[in-house]
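I have placed the structure first, in the form of structure tokens, so that the comments after it can refer back to it.
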Amino acid sequence: MQPNQYRDARLEKLGKLKTLGVAVWPRKARRTHGLAELVATYGDAAAWPNEKLEALGLSISVMGRVLTIREMGKSVFAHLTENGERLQAFFRKDDVAEPGWEVLKLLDMGDFISVTGPLMRTKTGELSVRVKEVQFLSKALLPLPEKWHGLQDKEQRYRQRYLDLVSNPEVLKTFQIRSRIVSGIRRFMEGEGYLEVETPMMQPIPGGATARPFVTHHNALDMPLYLRIAPELYLKRLIVGGFEKVFEINRNFRNEGLSVRHNPEFTMMEFYAAGQDLRDMMALTEALISGLAKGIMGAEVLPWGDQAISYAAPFRRLTLKDAIAEYGGIERRLLEDDTAIRTLAKAVHIEDPETKTPGTLLGDLFEHHAEKQLIQPTFVTDYPIELSPLTKTLEGDDRFVDRFELFVGGMELANAYSELNDPVDQMSRFQAQMAEREAGNDEAMLLDLDFVNALEHGFPPTGGEGIGIDRLVMLLTNSASIRDVILFPLMRPTKSAESEEKEA
RNA sequence: GGGCCCAUAGCUCAGUCGGUAGAGCAGCGGCCUUUUAAGCCGUUGGUCGCGCGUUCGAGUCGCGCUGGGCCCA
């Protein structure tokens, strides 16, 4: 810790507090009420004028972090904050019991205190505690960021999220909402009869998605292990085992780049329901998301940048080819012709247009022409089989599969299948993936023989889906970057942090 | 991987044409017993991200590096 004038001044005050006999670091706060509770109960100025508050004869104790101090000779005003709420404390020299007044002079912004006294309303109408006693709870040795502008520097906000949370109230609010969204999802899924389960985060064969994994090593077994890229193959094993409906909310890890929509570890909910298909997944997704919008954000139409998104069910349905045609301004019949597809791919500089299959190119064309423009919730269906090795084919067309991806705000938010349950078909799909891998695609899926073996013991028709929780929170809270909804996003360590690590 | 932009006091930010490093908040010392970014008087605080270069002289110009942001692939 580098000494500076702020830290030195506060250390000196800490010494003076101890000289005064103040217990600066007590074990427990004196507290009769939560700060937010007081504001909620007595905050209404019309219902609780000063006379009525005084008539209560109440003496409350409330704790909080000191956010502002306004000193006026023999009286002092301070705002305390707790849990995103703030409450004013009013100190008068004549009111405060000894050694409260001396203690007050040693108070800094950022300190934690508890104040005791009656509730009152000042002449400007603000709910306040008329302080009779002050209890010191914690001395802050370092100053908080600027009180008016907060902490603006993005790097410092992500690296020192605690300062971001203290000084930017809307950031705390976003993460409180995130928490309510996640618990809302759990309540909804449980209401639908789903059981929450936990499957391996460390897997010997990383499966269930196409992505590069993180690798680690288990010493005792002397074997490589992979952080999971998806829980899919394990959750399906549970359906084989007899669970009817399961869900899991947890982290996936993908060893890929960072962007406003990508963090190497991110939170996904996956769920599977025996006996169901893609249509059931759509209905559940609409009910879940529109319910969260209404229940937690209070409206079905929510702002997204300078636009608005309506989460009212039903969401739009669009086939992959229709989406390319509509948003790319491309004649629909061209998408039925393999040569035309290749030409269209070349026209927009898609990589390797000669070697890729038409289905893969359709996927690329969709990404290029349509994805970013799908702002309103849209289920895109009928994906090429090459892109979907774990999905049942469409009835009557085995080049395409019964899958949807849900796009909102130009982002992929969810991905769902009528799950492939034919073990022979599944095995040949894996073989196609292995051929892809041989050809140099290191994101192609790895063969998981035990998974195929599980299917061979009987896997019922099943609907399955994954929903990206971070992106859902971004959408509902109108956050432009995934880093604004992940408390501690991945950052490259600073030079000094690295060298300290080595010294330790 | 490519392109563009940013880095100045604890924080938020200025800094003109290359010529002594600035403001507000915060801090410190005063005044003030109902303030609201309180006010008033005084005042401390700088490795201008790091390095090299150009120049009589670099926060400012050039090159490289580090960290971050945005866009594209």
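Values below: all heavy atoms of this structure, side chains included; hydrogens, waters and symmetry mates excluded. Note on naming: letters A, B, ... go to the chains in the order of the sequence lines (proteins, then strands), and numbering restarts at 1 for each one.
- Rounded to a whole angstrom, the distance from the C1' atom of B/G51 to that of B/G67 is 15 Å.
- The distance between the ring centers of A/F315 and A/F407 does not fall below 6.0 angstrom.
- For the residue pair A/Y327 / A/D322, no side-chain donor-acceptor distance below 3.5 Å is found, with atom types taken as modelled.
- Base pairing of B/A38 is not made with any nucleotide, judged by Watson-Crick or G-U wobble geometry with both donor-acceptor distances under 3.5 Å.
- B/U8 and B/C13 have their P atoms separated by 10 Å, with the value rounded to a whole Å.
- Rounded to a whole angstrom, the distance from the P atom of B/G53 to that of B/U47 is 22 Å.
- Among the protein residues, A/H79 comes within range of the nucleic acid bases, having at least one heavy atom under 4.0 Å from a base atom.
- Looking at A/R70 and A/Q88, their side chains do bring a donor and an acceptor atom within 3.5 Å of each other.
- Residue A/M72 contributes atom CE, which lies 14 Å from atom P of B/C31 at whole-angstrom precision.
- Between the side chains of A/T210 and A/E443, no donor-acceptor pair is found at a separation under 3.5 Å.
- What separates CG of A/L106 from C1' of B/C28 is a distance of 14 Å, to the nearest Å.
- One atom, NZ of A/K105, and another, P of B/G27, lie 16 Å apart when rounded to the nearest Å.
- When both distances must be under 3.5 Å, the Watson-Crick or G-U wobble mate of B/G53 is B/C61.
- When Watson-Crick and G-U wobble pairs are counted only if both distances are under 3.5 Å, B/A7 pairs with B/U66.
- Between the CZ atom of A/R130 and the C1' atom of B/U35 there is a distance of 14 Å, given to the nearest Å.
- Taking a pair to require two hydrogen-bonding distances under 3.5 Å in either a Watson-Crick or a G-U wobble arrangement, B/U33 remains unpaired.
- In this structure, A/K52 places its NZ atom where more than 12 heavy-atom neighbours from other residues, nucleotides or ligands lie under 6.0 Å away.
- Comparing A/Y158 and A/D108 against RNA chain B, the residue whose closest nucleotide sits nearer the 5' end is A/D108.
- Side chains of A/Q176 and A/N83: a donor-acceptor N/O pair is present below 3.5 angstrom, by distance only.
- Between A/R70 and B/A38, a side-chain N or O to OP1/OP2 separation shorter than 4.0 Å is present.
- Rounded to an integer number of Å, the gap from A/D111 CG to B/G27 P is 11 Å.
- For the 3.5 Å distance criterion, the side chains of A/R92 and A/S75 fail to qualify, holding no donor opposite an acceptor.
- Within the 4.0 angstrom heavy-atom criterion, only backbone atoms of the sugar-phosphate kind lie near A/V260; the bases stay farther away.
- Nucleotide B/U43 is matched to B/G27 when pairs are restricted to Watson-Crick or G-U wobble geometry with both distances under 3.5 angstrom.
- Taking a pair to require two hydrogen-bonding distances under 3.5 Å in either a Watson-Crick or a G-U wobble arrangement, B/G22 pairs with B/C13.
- Residue side chain A/S75 does not reach the base of B/U34 through any donor-acceptor N/O pair under 3.5 Å, judged by distance alone.
- Per the geometry, CG belonging to A/L127 stands 19 Å off P belonging to B/U34, to the nearest Å.
- Minimum interatomic distance between A/G257 and A/H262 (heavy atoms only, all atoms of both residues): O-CB, 3.7 Å.
- Pairing for B/G1 goes to B/C72, judged as Watson-Crick or G-U wobble with the two contacts each under 3.5 Å.
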Filtered N/O pairs between nucleotides 2-11 of chain B and protein, under 3.5 Å:
{"from": "B/G10", "atom 1": "N7", "to": "A/Y6", "atom 2": "OH", "distance (Å)": "2.8"}
{"from": "B/C11", "atom 1": "O2'", "to": "A/E146", "atom 2": "N", "distance (Å)": "3.0"}
{"from": "B/C11", "atom 1": "O2'", "to": "A/G150", "atom 2": "O", "distance (Å)": "3.3"}

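- As a whole-Å value, the separation of A/E12 CD from B/G27 P is 15 Å.
- Rounded to the nearest Å, the gap between the P atom of B/A21 and that of B/C50 is 16 Å.
- Here A/R159 lies in heavy-atom contact (under 4.0 Å) with sugar-phosphate atoms only.
- Rounded to an integer number of Å, the gap from A/K154 NZ to B/C13 C1' is 17 Å.
- Within the cation-pi definition used here (under 6.0 Å to the ring centroid, within 45° of the axis), A/R317 does not qualify as a partner of A/F379.
- Closest-nucleotide positions on RNA chain B for A/H349 and A/G73 were compared, and the one nearer the 5' end corresponds to A/G73.
- For B/A37 and B/C4, the P atoms lie 43 Å apart once the distance is rounded to whole Å.
- Between the base of B/U35 and the side chain of A/Q88 there is a donor-acceptor pair shorter than 3.5 Å.
- When the side-chain nitrogen and oxygen atoms of A/R492 are compared with OP1 and OP2 of B/G68, one or more of them lie within a distance under 4.0 Å.
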